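First the structure, in the form of structure tokens, and then the observations on it.
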Amino acid sequence: GLGALVTGLAVFLWPAGAIDVWPWQLSPLTARVMAAVLMLGVAGLVLAADGRRRPVLLLAQVAAIMVALILLAAVRARAEFFTDRPFTWLFAAGMALVLVGAVALAGRFRSPG
């Protein structure tokens, strides 16, 4: 959540900087759209302070589906990625890590106890 907040704010405030490092072609508008998508991770920070299990389970399930579809789209459009940019590989690793974490979190909050 904190990483999403920092990255989302940076991309929103400095879209030109994001264009130079982003894994695929962006315009200033699409950079800001990506910033908004990244800000969805802030919901995790809000839920960290909430003691209820159901919202955490729902967020983990949504994140797992969303990231799985993002990774599927990335495989489909792999020719559009700039593989010489380090952020491309950071993005791929981050998405894979979020997927594993979301699935693990959903499993943890689904089980009783």
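Residue numbers count from 1 along this sequence. In this text, all values refer to a predicted model and were calculated from it rather than measured experimentally. Atom set for the values below is all heavy atoms of this structure, side chains included, hydrogens, waters and symmetry mates excluded.
Residues Phe87 and Val33 fall into different hydrophobic clusters, defined by Ile, Leu, Val, Met, Phe, Trp and Tyr side chains chained together at heavy-atom separations under 4.5 Å. The same ILVMFWY cluster, assembled from side-chain heavy atoms under 4.5 Å apart, contains both Ile70 and Val103. Note on Leu59: it does not cluster hydrophobically with Leu5, by side-chain heavy-atom contacts below 4.5 Å among ILVMFWY residues. A chain of hydrophobic side-chain contacts below 4.5 Å, direct or via other Ile, Leu, Val, Met, Phe, Trp or Tyr residues, connects Leu38 to Val98. Side-chain heavy atoms closer than 4.5 Å link hydrophobic residues (I, L, V, M, F, W, Y) into clusters, and following such links, even through other members, never connects Val56 to Val42.
Within the model, atoms CE of Met66 and CG of Leu99 stand 10.5 Å from one another, a figure rounded to the nearest 0.5 Å. The CG atom of Leu90 sits 8.0 Å away from atom OG1 of Thr7, with the distance rounded to the nearest 0.5 Å. Here the CG-CZ distance, from Leu57 to Arg52, works out to 12.5 Å after rounding to the nearest 0.5 Å. Rounding to the nearest 0.5 Å gives a distance of 6.0 Å between CZ of Phe91 and CE of Met34. In this structure, the separation between CG on Leu69 and CE on Met95 is 12.0 Å, given to the nearest 0.5 Å.
Judged purely by atom type and a 3.5 angstrom limit, Thr30 has no side-chain atom pairing as donor or acceptor with the backbone of Leu26. Although no hydrogens or angles enter the test, the distance criterion places a donor-acceptor pair under 3.5 Å between the side chain of Arg32 and the main chain of Phe12. In terms of modelled atom types and a separation under 3.5 Å, the side chain of Thr88 and the main chain of Phe82 share a donor-acceptor contact.
The two residues Ala102 and Ala64 make their nearest non-hydrogen contact at CB-N, 3.8 Å. The two residues Gln61 and Ala106 come nearest to each other via the heavy atoms CG-CB, 4.3 Å.
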Next item on the list: Tell me, with the steps shown, if Arg78 and Thr83 meet side chain to side chain contact (heavy atoms under 4.5 Å, CB included).
Entry: CA-CA 9 Å; Arg78 64 188 170 276; Thr83 56; over 6 Å; no
Next item on the list: Please test Leu9 against Met39 for side chain to side chain contact (heavy atoms under 4.5 Å, CB included), starting from the C-alpha separation and ending with a verdict.
Entry: CA-CA 8 Å; Leu9 282 175; Met39 297 301 268; 4.1 Å; yes
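Aromatic ring orientation, Trp24 versus Trp22: perpendicular (interplanar angle above 60°, classes split at 30° and 60°).
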